[in-house]
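Comments concern the structure below.
All chains are named by letter (A, B, ...) in the order of the sequence lines, taking the proteins before the strands, and each is independently numbered beginning at 1.
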Amino acid sequence: MNVVICVKQIPDPAAPGELDPSTNNLKRDSKLIMDDSDSYGVEMGLQLAESSGGGEVTLVSMAPNNETSGLRTALAMGAAKAMLISDPALAGSDALSTSKVLAATIKKAQPDLIIAATESSDGYTGTTPVQLAELLGLPSVTFAKKISVEGNSIKVERQTEAGYDEVTCSLPAVVTVTAGVVEPRYPNFKGIMAAKSKPVEEFKVADLGLSADEVGNTGARQVVFEVVAAEARQAGEKIIDEGEAHKDVISFLEKLKLI
Amino acid sequence: MSISKIWVLAESADSKPTSITLELLTFARGLNATVEAVGFGDSSESIVSELGNYGASTFNVVTDVNDSLPGVPVASAIANAVNSGNGPDLLLIGATYDGRDIAARLSAKLNLPVLTNVTGLESSGDDLIAHHSIFGGTQIAKAKFTTDSTPQIFVIRAKTFGAEPAGGGAASVNQLTAGDLGATNGAKIIARHVEERTGPKLDEADIVVSGGRGLSDKANYSMIEELAKLLKGAPGASRAIVDAGWVPYAYQVGQTGKTVKPTVYLACGISGATQHLVGMKNAKNIIAINKDPEAPIFSVADLGIVGDTQKILPKLIEELKARA
Ligand SMILES: Cc1cc2nc3c(=O)[nH]c(=O)nc-3n(C[C@H](O)[C@H](O)[C@H](O)COP(=O)(O)OP(=O)(O)OC[C@H]3O[C@@H](n4cnc5c(N)ncnc54)[C@H](O)[C@@H]3O)c2cc1C
Ligand SMILES: Cc1cc2nc3c(=O)[nH]c(=O)nc-3n(C[C@H](O)[C@H](O)[C@H](O)COP(=O)(O)OP(=O)(O)OC[C@H]3O[C@@H](n4cnc5c(N)ncnc54)[C@H](O)[C@@H]3O)c2cc1C
């Protein structure tokens with residue numbers, strides 16, 4: 001079974017984010033890393049390819065400045081190769097244009113299964129994978145916490161408000177996985193060395209048969225026109241517990257007539 | 001662009017529209033346009049009367065969803081309505097499991113952008129302006145569409161608006177169909193598993209008691225559940241303990257979990273990471289218990305207690321039991 005895994009490369013979430021004041025786009029010019037949310041998809045994809053008797057695992061990423069550091073992390077975990085779309089025309093893309101780029105690229109790989117995270121850590125719209133599925137004419141199952149392959153279909157446990165649903169889905173399909181559902185492997189030294197020579201094929205917007213005005217700031221057809229400070233909340237009273245602080249909680253609740 | 005017809009995605013559970021549905025209807029009523037609901041599944045008397053009570057004149061219900069995951073058929077039925085000129089100018093969708101699927105499918109079908117994770121919406125002249133809470137809720141980005149194509153699609157987080165009934169009569173039912181969907185409709189629900197839970201829902205509760213990694217051990221989460229029960233509230237959690245497998249994802253509060261706005265939010269052993277704060281900092285009152293006096297959670301707490309949850313929570317439980 002051939003698996004494509006979407007890997008978003010993002011600025012380190014531990015560093016404070018910053019907007020470019022001229023465009024209100026998120027600044028992405030520092031070194032980018034693999035979105036932690038995608039490490040679960042990578043692990044899941046590797047496991048499924050292994051358990052279904054082999055098959056190739058290909059990574060797909062759209063990122064600025066021909067960034068590959070995040071892809072190298074996923075290659076070191078065990079993926080065979082990567083496809084990278086990087087083009088200045090893509091700056092400011094919205095989720096739909098991103099999905100157009102990913103769809104056109106993934107079409108070339110002809111996978112049986114496409115895996116993404118339920119939402120990225122930086123933009124977190126959570127819409128890209130399902131937009132991608134529609135553009136490819138494929139079914140999708142979001143919020144997967146468990147996936148197993150059964151012949152030409154998959155069985156998925158999909159999180160719901162009340163618990164989970166058991167879903168079957170014909171292949172090819174797009175599945176989004178939630179964080180924490182598998183334990184992503186740490187790349188070992190051998191993996192890291194091997195990743196350096198694994199192929200990363202690069203594409204420009206024109207290579208994908210897309211026009212420049214379908215993507216980037218023009219394609220987005222939405223604009224952030226202003227950024228303002230949110231109303232800050234003031235800290236209140238702070239008490240050090242010396243054995244009786246539970247009484248302060250009680251009287252706080254009493255004042256609000258909640259008990 | 002002027003808006004004359006609005007559709008609100010109506011979802012239901014236990015024969016009642018969900019609270020986010022009622023919140024969106026309440027907001028839509030203020031926009032001086034025809035307000036209708038669109039949804040799937042249950043269109044029983046109790047649903048249509050409640051939708052009407054909150055301002056929907058019609059419930060457009062997709063009748064051929066069957067056992068499919070709703071995203072594909074519901075989006076197709078809405079796209080059919082739009083393509084035949086019967087669609088809305090504005091579509092308001094809650095940021096729920098199925099809501100996001102429907103918005104994303106529809107966006108690709110109609111080649112229209114979506115504004116997602118909206119935490120505020122205001123009209124300004126002919127434009128609707130969406131607020132997005134960014135950088136852990138410290139800043140608000142204001143965004144709008146630059147295209148006149150309709151419908152404008154917004155995916156809105158829970159608790160962005162309050163829910164107020166308007167007292168209208170039951171909504172009339174209009175049936176929509178998805179038609180033949182081909183391969184896209186390959187995802188089918190074969191069984192539903194419901195985890196038993198008592199007490200109010202996390203995003204509807206008046207009191208939320210949440211626990212984090214500071215509880216030290218999974219077994220200590222039972223104190224959070226007991227406290228929530230004694231206070232007739234709902235138990236919640238930080239992502240750290242959801243990822244650790246102590247509690248299901250449905251308990252998670254924050255950026256990738258639920259947004260809550262209770263009268264009191266009690267955070268126990270939670271550091272107050274920005275991604276947690278965005279989900280709860282609009283609570284009316286916040287109480288935090290944390291042993292680290294410098295924990296960021298104290299910067300938003302009305303009552304901060306520097307101390308050990310394992311010492312304080314048992315006493316709090318005992319005191320509340322004594323009063324019960
Ligand atoms: C604060 C903020 C708010 C935004 N709001 C909106 C909005 O309301 N509407 C809108 O259309 N856009 C919005 N954007 C832009 C949007 O984030 C980008 O278009 C982004 O390229 C794709 O969306 P996402 O990160 O939200 O992806 P999501 O849909 O959250 O991503 C889910 C998964 O899809 C895969 N994926 C996503 N992008 C890539 C990629 N570039 N390469 C490989 N895999 C990928 C990953 O597996 C990812 O985890 C916003 C951006 C920011 C920073
Ligand atoms: C993209 C992204 C999305 C995220 N989304 C979410 C989200 O939706 N929700 C969420 O919660 N997090 C989210 N996170 C994770 C978030 O950044 C934090 O890691 C998480 O909230 C920490 O959980 P915690 O407070 O329980 O644990 P910690 O940060 O480890 O804090 C534990 C706290 O307990 C205190 N403590 C320890 N022992 C005791 C004791 N005996 N008594 C009292 N206090 C004690 C410590 O002082 C500390 O402050 C997200 C992160 C990313 C990158």
Side-chain angles (χ1 to χ4, degrees), chain A residues 16-17 24 94-96 99 119 124-127 130-131 133-135 137-143 159-170 173 178-180 220-230 233 235-241 245-250 252-253 256 258-259, chain B residues 13 69 71 97 100-101 103-105 107-109 113-117 133 135 137-147 183-195 207 242-243 249-250 255-256 263-264 281 285 287 298-307 312 315-316 319 323:
Chain A
N24 282 325
D94 71 335
L96 182 59
S99 71
E119 56 192 38
Y124 66 101
T125 63
T127 53
V130 176
Q131 288 165 324
E134 179 64 27
L135 294 172
L138 299 179
S140 52
V141 185
T142 49
F143 288 94
Q159 247 154 29
T160 62
E161 195 52 52
Y164 68 93
D165 285 350
E166 258 176 77
V167 177
T168 62
C169 186
S170 54
T178 55
R221 292 172 291 163
Q222 54 183 264
V223 62
V224 173
F225 62 93
E226 194 183 12
V227 177
V228 297
R233 205 182 163 109
E237 192 182 5
K238 190 148 84 182
I239 297 166
I240 296 174
D241 178 39
H246 60 286
K247 291 191 177 145
D248 295 293
V249 178
I250 298 278
F252 191 93
L253 296 173
L256 295 168
L258 290 164
I259 51 174
Chain B
L69 275 190
Y97 296 86
R100 231 162 60 166
D101 281 4
R105 283 276 166 190
S107 151
K109 276 180 192 298
V114 185
L115 282 165
T116 311
N117 285 321
S133 180
F135 302 141
T138 54
Q139 294 183 38
I140 294 170
K142 296 188 177 181
K144 61 179 180 187
F145 291 115
T146 54
T147 169
T184 55
N185 200 22
K188 309 282 178 191
I189 301 169
I190 49 178
R192 292 181 193 275
H193 296 262
V194 176
E195 278 149 13
I207 301 187
V242 172
D243 284 357
Y249 170 75
Q255 176 178 314
T256 37
T263 306
V264 175
K281 76 181 179 94
N285 299 278
I287 308 176
F298 288 131
S299 69
V300 298
D302 302 290
L303 173 62
I305 294 179
V306 182
I312 297 168
K315 289 186 199 159
L316 191 54
E319 179 84 30
R323 297 163 152 255

Checked B:A250, B:A143, B:G307 vs chain A; the most non-hydrogen pairs under 4.5 Å come from B:A143
Chain A contact via B:F298 - side chain, backbone, both or neither, heavy atoms under 4.5 Å:
both
Rounding to 0.5 Å, atoms CD (B:Q255) and OG (B:S133) come to a distance of 9.0 Å
With rounding to the nearest 0.5 Å, note down the distance linking CD1 in B:I305 to NE2 in A:H246.
10.0 Å
Using heavy-atom distances under 4.5 Å, tell me whether B:T147 contacts chain A through its side chain, its backbone, both, or neither.
both
Region of A:Y124 that comes under 4.5 Å of a non-hydrogen atom in chain B
both
Contact winner vs chain B - A:E237, A:E166, A:Q131, heavy-atom pairs under 4.5 Å
A:E166
For chain A, find which of B:L115, B:V114, B:N117 contributes the most heavy-atom pairs closer than 4.5 angstrom.
B:N117
Hey, does the side chain of B:T146 reach the backbone of A:R221 with a donor-acceptor pair shorter than 3.5 angstrom?
yes
With a 4.5 angstrom heavy-atom cut-off, which part of B:I189 approaches chain A: side chain, backbone, both or neither?
both
Counting heavy-atom pairs closer than 4.5 Å to chain B, which one of A:T127, A:V141, A:T142, A:V167 comes out on top?
A:V167
Whatever's closer than 4.5 Å to a heavy atom in chain A on B:T116 counts as side chain
Below 4.5 Å from any heavy atom of chain A, which atoms of B:I190 appear? Answer side chain, backbone, both or neither.
both
Atom CD1 in A:I239, atom CG in B:L303: separation rounded to 0.5 Å?
5.0 Å
Quick one: which of B:N185, B:I207, B:V242 has the most heavy-atom pairs under 4.5 Å with chain A, could you say?
B:I207
Checking A:L258 against B:V264 for the side-chain contact (heavy atoms from CB on, under 4.5 Å) test, could you report, in this order, the C-alpha distance in whole Å, the side-chain angles of both residues, the deciding distance, and whether it holds?
CA-CA 9 Å; A:L258 290 164; B:V264 175; 3.4 Å; yes
Salt bridge or not between B:E319 and A:K247? Use side-chain N to carboxylate O under 4.0 Å.
no
Does NZ or CZ of B:K142 fall inside the cone over A:F225's six-membered ring, less than 6.0 Å from its centre and within 45° of the axis?
no
Contacting moiety of B:A301, where chain A heavy atoms sit under 4.5 Å:
backbone
Side-chain donor-acceptor pair present, A:R233, B:S299, cut-off under 3.5 Å
no
Residue, of A:I259, A:D248, A:I250, that accumulates the most heavy atom pairs under 4.5 Å with chain B
A:I250
Is it the backbone or the side chain of A:A245 that comes under 4.5 Å from a heavy atom of chain B, or both, or neither?
both
Determine whether a donor-acceptor pair (N or O, by modelled atom type, separation under 3.5 Å) exists between the side chain of B:D302 and the backbone of A:A235.
no
In terms of heavy-atom pairs under 4.5 Å, which option from A:D94, A:T160, A:N24 contacts chain B the most?
A:T160
Residue selection (most heavy-atom pairs with chain B, distance under 4.5 Å) from A:S99, A:A179, A:G236:
A:G236
Could you have a look at A:V223, A:I240, A:V224 and say which one has the most heavy-atom pairs with chain B under 4.5 angstrom?
A:V223
Supply the atom-to-atom distance B:R192 CZ to A:Y164 OH, rounded to the nearest 0.5 angstrom.
13.5 Å
Which residue out of B:I140, B:D243, B:L316 racks up the most heavy-atom pairs below 4.5 Å with chain A?
B:I140
Aromatic rings A:F143 and B:Y249: how do their planes relate, parallel, tilted or perpendicular, breaks at 30° and 60°?
tilted
Hey, does the side chain of B:K281 reach the backbone of B:G137 with a donor-acceptor pair shorter than 3.5 angstrom?
yes
Given a strict heavy-atom distance threshold of 4.5 Å, which part of A:A95 is in contact with chain B: side chain, backbone, both, or neither?
neither
